[in-house]
Amino acid sequence: MFSPIHHSFGPHVDASFVKKAFALACNPGTYVRGTSIEKLRQTLSKKFRGEVGLFSSGREALLGYLKAIHLRPGEEVIVQGYTCVVVPNAIHAAGGVPIYADIDQDTLNLSATSVALCITPRTRAVICQHTFGIPSDTKGLRALCDEHRILLIEDCAHIIPDDTGPTEIGRLGDAILLSFGRDKAISGITGGSIITRDPEVSLEISILESNAVERSWGNVFTLLTYAPRMVYIVRPLIWCGLQKPILALLNVFGLFSPILTEEEREGHMSPLLHRLPNACAALTLHSLSRVQSINDHRRMLTKFFLEYGKEKKWPLLPGIHSDMPLQKFPLFVSGAKEKRALLKKDNIHLDDGWTGCVVCPDTVDITETGYESGSDPAAEKACMAILSLPTHPTMTIKQAKVLAERIDELLK
Ligand SMILES: Cc1ncc(COP(=O)(O)O)c(C=O)c1O
């Protein structure tokens, strides 16, 4: 029995992450407040050349931005079909209306053509998501947004560029959205940032941040227990399914915080903003200091899957290149759901929540998201046929080889 191949059982939790989380857990005085928050702000400001707002999650950072630009009731924000429910939830919470534009099936991202079809006099902004780290057409979208005088928000939840690129990411947006969630490009267990270059909007965001509610000490402690929970409970027990009752038990004692609340699955987001806890800022800084090696590891696995797939004539996405530090490697196959179920028996867990639904995960109440069935055919097709392969920091090349061979058997 090899260790599980997975997307979501602590993708960033390696020895260095555990050590850092343990050191932080031993220092309760710095859970909520401390010097890491300002250090992270300065580091991000230098990297993305803008003013940095820090919140407890990416979804809150997005809500903060939409509040700061005074989105008016009924104003529209264009997002892509094939996104996470927290994105439209934040738009709804700000009083806006999410409008879903279809994706380009070669890149899984918005295209200027599909966005142009959705622009109306009520459009205020476009959120371009660099899906799984595949760069979106920021140049085309920037030109379109300028023409219509609308804002461009780059959603970099899935990718943080490093010194070698991708150079087109994080440069042209009016705002850059980052997430430091557990399975994102970098991780602080939770956290998010919005980076802006308009002084008036930045000021509004800083006011929102200073009025935001602090996470409790107990809540931060629960977050810090995430690393040992993954290493000592979830990963060892995943193959026999025992981790589920144990996590349910931890949930009862408030020792587990799910990524999505029941309320969020039903299409609602609390309007309350929370500050980024200092301990999460410290973990994010730790992860950010390793972004080059994290991305190089992702590049290595992307290149491996791409070359293996080419040799075996897998159905590869034309928009993927071997120098991309993908957050995950997408393949499109028939019977993707059945294949995932078969792989699970081999301790390979490829369900990442981005399957079977245009607004993910598939447990979301789609009627509350504002998505109209049939409106984004490419997104609907992609989410049904996708089989994503992990490229995260704790996925080894040995595991990638095992996975590639198993996938190849299934594709034949
Ligand atoms: C594309 C995308 N944008 C933004 C977010 C929000 O990130 P967070 O989980 O930090 O709220 C997510 C999270 O799931 C996401 O997938």
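For ligands, and for the atoms within them, numbers begin at 1 and follow the listed sequence. This chain uses plain numbering: 1 for the first residue, then up along the sequence. Source: prediction; values computed, not measured.
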Suppose we measure from atom 9 (O) of ligand 1 to each protein heavy atom; which comes out shortest, and what is that distance? Arg59 NH2, 2.8 Å

Strictly below 4.0 Å, N to O, side chains only: are Arg41 and Glu209 in salt-bridge contact? yes

Sequence neighbours excluded, which residues qualify as side-chain contact (heavy atoms from CB on, under 4.5 Å) partners of Pro161? Phe48, Pro166, Ile169

Strictly under 4.0 Å, does any heavy atom of Ala61 approach an atom of ligand 1? no

Thr83-ligand 1 polar pair, N/O distance under 3.5 Å: no

N/O to N/O below 3.5 Å, does that happen between Gln129 and ligand 1? no

Can you find an N/O atom of Gly58 closer than 3.5 Å to an N/O atom of ligand 1? yes

Please classify the Leu62 to ligand 1 contact at 4.0 Å (heavy-atom distances, strictly less than): side chain, backbone, both or neither. neither

Just which atoms of ligand 1 are under 4.0 Å from any heavy atom in Val87? 3 (N), 4 (C)

For Lys328, is there any backbone N or O sitting under 3.5 Å from a side-chain donor or acceptor partner on Arg298? no

Salt bridge or not for Arg122 and Glu76, using N-O below 4.0 Å? yes

Contact region, Ala157 to ligand 1, non-hydrogen atoms below 4.0 Å, reads side chain

Close approach of Trp354 to ligand 1, heavy atoms, under 4.0 angstrom: yes

Salt-bridge test for Arg299 and Asp323: reply yes if a basic N is under 4.0 Å from a carboxylate O, no otherwise. no

Only counting residues at least two apart or in another chain, list the ones meeting ring-ring contact (aromatic ring centres under 6.0 Å, His included) with His392. His6

Would you find a donor on one side and an acceptor on the other, under 3.5 Å apart, between the side chain of Asp102 and the backbone of Ala379? yes

With a 4.0 Å cut-off, would you call Arg265 and Glu368 a salt bridge? no

Could you tell me whether ligand 1 has any atom less than 4.0 Å away from a heavy atom of Lys184? yes

Nearest protein heavy-atom contact for atom 5 (C) of ligand 1: which residue, which atom, what distance? Val86 CG2, 3.8 Å

Could you identify the single nearest non-hydrogen protein atom to atom 2 (C) of ligand 1 and state the distance to 0.1 Å? Asp155 OD2, 3.4 Å

Centroid-to-centroid, Phe132 to Trp354, below 6.0 Å? yes

Heavy-atom nearest neighbour in the protein, as seen from atom 7 (O) of ligand 1, with distance rounded to 0.1 Å: Ser179 OG, 3.3 Å

Enumerate the atoms of ligand 1 whose separation from the nearest heavy atom of Gly191 is less than 4.0 angstrom. 10 (O)

